[in-house]
K.L.:
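Below you will find the structure I want to go over with you.
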Amino acid sequence: MRGFLALILLVAVERVAELVVSNRNLTWSKANGGKEFGAGHYPVMVALHTGLLAGAVAEARFRRRWIWPAFWVVAAAQVLRWWCITTLGRQWNTRVVVVPGAARVAGGPYRFIPHPNYVAVVLEGAALPLVGGAWMTALVFSVANAALLRTRIRVENTALQSLS
């Protein structure tokens, strides 16, 4: 259980690092005329991702197992996520913000798929709880996340169209 708690703690620290980068980028975006889209779903996203970490810890207390293949999926998801963040640079944000005149990024993982960060989110959301055997948390998060991503991707696609 200690190893799983350490992993959850590392992911939580990673989330804080994301928020630091996101807030810095949000400040830059707003200073450059950035417009936010879909702000209403953001608190739901924060609650869902916080619930993922809490639910995984709570359920794993009863499972007491370590599933290595799921761990490697989580690791791969982190690599993909940070590839997205570095590729987008100042345009990356946990919110959907478009800066007037900014070019749509088509490099890095965006060469291959339109929303690679969401692939990372889906992989991590399913695999992270499974590392500790928390299959119910993985299932509940995955279903709720699918509904949220449906909204989020629609909002993001609308925002990206405004770049044209």
K.L.:
What's the separation between atom CE in Met45 and atom OG1 in Thr50, rounded to the nearest 0.5 Å?
P.N.:
10.0 Å
K.L.:
How far apart are the closest heavy atoms of Ala126 and Ala138, and which atoms are they?
P.N.:
O-CB, 3.3 Å
K.L.:
Output the distance between atom CH2 (Trp135) and atom CG (Leu130), rounded to the nearest 0.5 Å.
P.N.:
10.5 Å
K.L.:
What is the minimum heavy-atom distance between Ala60 and Ala134, and which atoms define it?
P.N.:
N-CB, 4.1 Å
K.L.:
I'd like to check Thr151 versus Arg154 (side-chain heavy atoms, cut-off strictly below 4.5 Å). Are they in contact?
P.N.:
yes
K.L.:
Taking all non-hydrogen atoms of both residues into account, name the closest pair between Glu59 and Gly133 and its distance.
P.N.:
OE2-O, 4.2 Å
K.L.:
Within the supplied structure, the quantity of interest is the number of heavy atoms (other residues, nucleotides, ligands) at a distance under 6.0 Å from Arg150 CZ; does it exceed 12?
P.N.:
no
K.L.:
What distance do Tyr110 atom OH and Asn117 atom CG have between them, rounded to the nearest 0.5 Å?
P.N.:
5.5 Å
K.L.:
Rounded to the nearest 0.5 Å, what separation is found between the CG atom of Leu19 and the CD atom of Glu14?
P.N.:
9.0 Å
K.L.:
Within the side chain of Glu124, is there an N or O that forms a donor-acceptor pair under 3.5 Å with the backbone of Ala77?
P.N.:
no
K.L.:
Which atom pairs, donor and acceptor, lie under 3.5 Å between side-chain atoms of residues 67-74 and protein residues at least two apart or in another chain?
P.N.:
none

K.L.:
Hey, could you give me the CG/CZ distance between Leu9 and Arg2, rounded to the nearest 0.5 Å?
P.N.:
14.5 Å
K.L.:
According to a 4.5 Å side-chain heavy-atom criterion applied to Ile, Leu, Val, Met, Phe, Trp and Tyr, with indirect links allowed, do Leu52 and Val46 form part of one hydrophobic cluster?
P.N.:
yes
K.L.:
Consider only side-chain heavy atoms of I, L, V, M, F, W and Y, link residues closer than 4.5 Å, and tell whether Leu123 and Val121 are in one cluster.
P.N.:
no
K.L.:
Quick check: does any side chain N or O of Asn32 sit under 3.5 Å from a backbone N or O of Trp28, one acting as donor and the other as acceptor?
P.N.:
yes
K.L.:
At their closest point, which heavy atom of Leu80 faces which heavy atom of Pro116, and how far apart are they?
P.N.:
CD2-O, 3.5 Å
K.L.:
Between Val143 and Met136, is there shared hydrophobic-cluster membership here, with clusters defined by ILVMFWY side-chain heavy atoms closer than 4.5 Å?
P.N.:
no
K.L.:
Run the numbers on Leu53 and Val57 for side-chain contact (heavy atoms from CB on, under 4.5 Å), then give the verdict.
P.N.:
CA-CA 6 Å; Leu53 300 179; Val57 168; 5.9 Å; no
K.L.:
Does any part of the side chain of Val99, heavy atoms only, come nearer than 4.5 Å to the side chain of Gln91, both counted from C-beta?
P.N.:
no
K.L.:
I need the full list of salt bridge (charged side-chain N to carboxylate O under 4.0 Å, His left out) pairs touching residues 95-104, with sequence neighbours left out, sorted by first then second residue.
P.N.:
Glu36-Arg95
K.L.:
According to the interplanar angle, ranging from 0 to 90°, do the rings of Phe4 and Trp66 count as parallel (below 30°), tilted (30 to 60°) or perpendicular (above 60°)?
P.N.:
perpendicular
K.L.:
So if you build clusters from Ile, Leu, Val, Met, Phe, Trp, Tyr with side-chain heavy-atom gaps below 4.5 Å, do Val11 and Leu5 land together?
P.N.:
yes
K.L.:
Do side-chain atoms of Thr94 reach the backbone of Ser22 as a donor and acceptor pair under 3.5 angstrom?
P.N.:
no
K.L.:
Would you say the side chain of Asn157 lies within less than 4.5 Å of the side chain of His115, judging by non-hydrogen atoms?
P.N.:
yes
K.L.:
Test of understanding: with side chain to side chain donor-acceptor pair (under 3.5 Å), list the residues that count as partners of Thr87, not counting sequence neighbours.
P.N.:
none
K.L.:
What are the two closest non-hydrogen atoms of Asn93 and Asn25, and how far apart are they?
P.N.:
ND2-C, 3.9 Å
K.L.:
Taking all non-hydrogen atoms of both residues into account, name the closest pair between Pro43 and Gly40 and its distance.
P.N.:
CD-O, 3.5 Å
K.L.:
Does Arg90 have more than 12 heavy atoms from other residues, nucleotides or ligands lying within 6.0 Å of its CZ?
P.N.:
no
K.L.:
Got a sec: does the CH2 of Trp82 have more than 12 other heavy atoms crowding it under 6.0 Å?
P.N.:
yes
K.L.:
Are Val140 and Val44 co-members of a hydrophobic cluster defined by side-chain heavy atoms under 4.5 Å apart?
P.N.:
no
K.L.:
Can you find a heavy atom in the side chain of Ile8 that is under 4.5 Å from one in the side chain of Leu128?
P.N.:
yes
K.L.:
Give, for atom CG of Asn23 and atom OG of Ser29, the distance between the pair rounded to the nearest 0.5 Å.
P.N.:
11.0 Å
